[in-house]
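A short write-up of the structure that comes next.
This structure is a prediction, so every number in the text was calculated from the model and none was measured. Every chain is numbered from 1, with letters handed out A, B, ... down the list of sequences.
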2 protein chains.
Amino acid sequence: MTSTTRHTSPQPRPPRLGPAEHSLLGLLASAGPDGIHGYDLARQYTHGALGEIIRLESGMLYHHLKKLDRYGMITTHVEHQTDRPDRQVHTLTAAGRRQLDHWLREPVRATRDIRLDFLLKLFFTRRLIPAHLDELIAQQRSVLTALAESLRAQMQEPATGDDAIERRMVLRLRQAQTEAALAWLESLPTTENAT
Amino acid sequence: MTSTTRHTSPQPRPPRLGPAEHSLLGLLASAGPDGIHGYDLARQYTHGALGEIIRLESGMLYHHLKKLDRYGMITTHVEHQTDRPDRQVHTLTAAGRRQLDHWLREPVRATRDIRLDFLLKLFFTRRLIPAHLDELIAQQRSVLTALAESLRAQMQEPATGDDAIERRMVLRLRQAQTEAALAWLESLPTTENAT
DNA sequence: AGAGCCATGTAAGAGGTTACATGATTAG
DNA sequence: CTAATCATGTAACCTCTTACATGGCTCT
């Protein structure tokens, strides 16, 4: 076991992490203080419900792990094995956990982010901080409700211009998708009717 | 007016065009044989319904035009102006028109492509080949109906495994989004109830 | 005089895809 | 013997985003 993490330049830039990286933080949080290695992480994206939400090729997975290490979100140490290739075991840092918790608390702003980002938040909130589930759902509902109302208001405006029909088609689609997401949200199992 | 198009190597690779490039082909088809220049194209993405569907920065726009020229989908010639900067006027080629028509005839396979790709197809079919509108909508409806049925079948399967709840949440969201898109599709103005 | 339009781009970087490289071990 | 598993990556190539560069002209 040789520590290989170097924190000479912890945060090269303000870290803007995507859904893939946040899901990795979530898996590392689930793994606990003993850490987890890349190949094990990769398996969680190919088997299980996570793979239904997001697809992550091994190339990108290792790339993201490097990035998270550079940002000081995780630490990395090599675990030597005799009969198998060496593993790099990763552990979540306090900064990584803070980043994860912050991300989990934020609802998504746009309807199109429900499919990927919000599903991930839901998945990891259930697993890591189930007490916060109702709050996450409630906050997301209020964002989508506001969006739906704004769309309804735009539909009320008198149609003007030669592309009025096209604009209305677009608006109605956005409205339909937003309302479908809202209905789905409201059908979600909460603490009241938990399993 | 100096012709600058070179067709020494017309198709360097099998051309895989994205929605942005197809929308450019659509605008070039609307412009007719006299062609149209980049800045004029850019305006159609900032004003009008097109901008509600897709956002295209000028940098990417000029990049796509270069690519379309390399692929032999458009031709380019410089139009000299004395009081204004020179323009590069682009014209759709027969190959470009073939590509556009082929793309317009294909329904999208996934629900998430409705928001961008299908809206573009709808937009340009209405504008260029309105006689084909009903067919496009009917084909897309049959694709989405099949998808909805497959999702319903998956929901019927007995829930098994420890992440069964999560899998069902994902499935129900996909179902809700697909059914919302279907309902919207069926509410679209067809030739029967045209304006 | 300054803002903004006209017209075409470049530069730099983030992010992603697809495919392959390596090399040992184990299961069928 | 062959294939798959374990484990970590590299290489090449797209795409997209964001911001800026240029320089003359017109409008207020």
**Message:** I want to confirm an ordering. Mapping A:Glu57 and B:Arg87 to their closest nucleotides on DNA chain C, which one lands closer to the 5' end?
**Reply:** B:Arg87
**Message:** Just N and O in the side chain of B:Lys67: are any of them under 4.0 Å from OP1 or OP2 of D:dT15?
**Reply:** yes
**Request:** Side chain of B:Gln88 only, please: which of C:dT8, D:dA7, D:dT15 is the nearest?
**Result:** C:dT8
**Asked** Between A:Asp40 and A:Arg43, is the closest basic N to carboxylate O distance under 4.0 Å?
**Response** yes
**Asked** Which listed nucleotide (C:dA7, D:dT17, D:dG9) is nearest to the side chain of B:Arg43?
**Response** C:dA7
**Request:** May I ask you to verify if any side-chain N or O of A:Gln81 is less than 4.0 angstrom from the OP1 or OP2 atom of D:dA7?
**Result:** yes
**Asked** Would the number of heavy atoms belonging to other residues, nucleotides or ligands and lying under 6.0 Å from CZ of A:Arg172 be above 12?
**Response** yes
**Prompt:** Are there more than 12 heavy atoms of other residues, nucleotides or ligands under 6.0 Å from atom CZ of B:Arg97?
**Reply:** yes
**Asked** What does A:Gly18 touch in the nucleic acid at a heavy-atom separation under 4.0 angstrom: a base, only the sugar-phosphate, or nothing?
**Response** nothing
**Request:** Starting at atom OH of A:Tyr62, determine the distance to atom C1' of C:dA21, rounded to an integer number of angstrom.
**Result:** 14 Å
**Asked** Base, sugar-phosphate, or nothing for A:His63, non-hydrogen atoms under 4.0 angstrom?
**Response** nothing
**Request:** Answer with base, sugar-phosphate or nothing: what part of the nucleic acid does B:Gly38 contact at a heavy-atom distance below 4.0 Å?
**Result:** sugar-phosphate
**Message:** Among C:dT10, D:dT26, D:dT8, which nucleotide has an atom closest to any side-chain atom of A:Tyr39?
**Reply:** D:dT8
**Asked** What distance separates B:Met73 CE from B:Lys67 NZ, expressed to the nearest 0.5 Å?
**Response** 10.0 Å
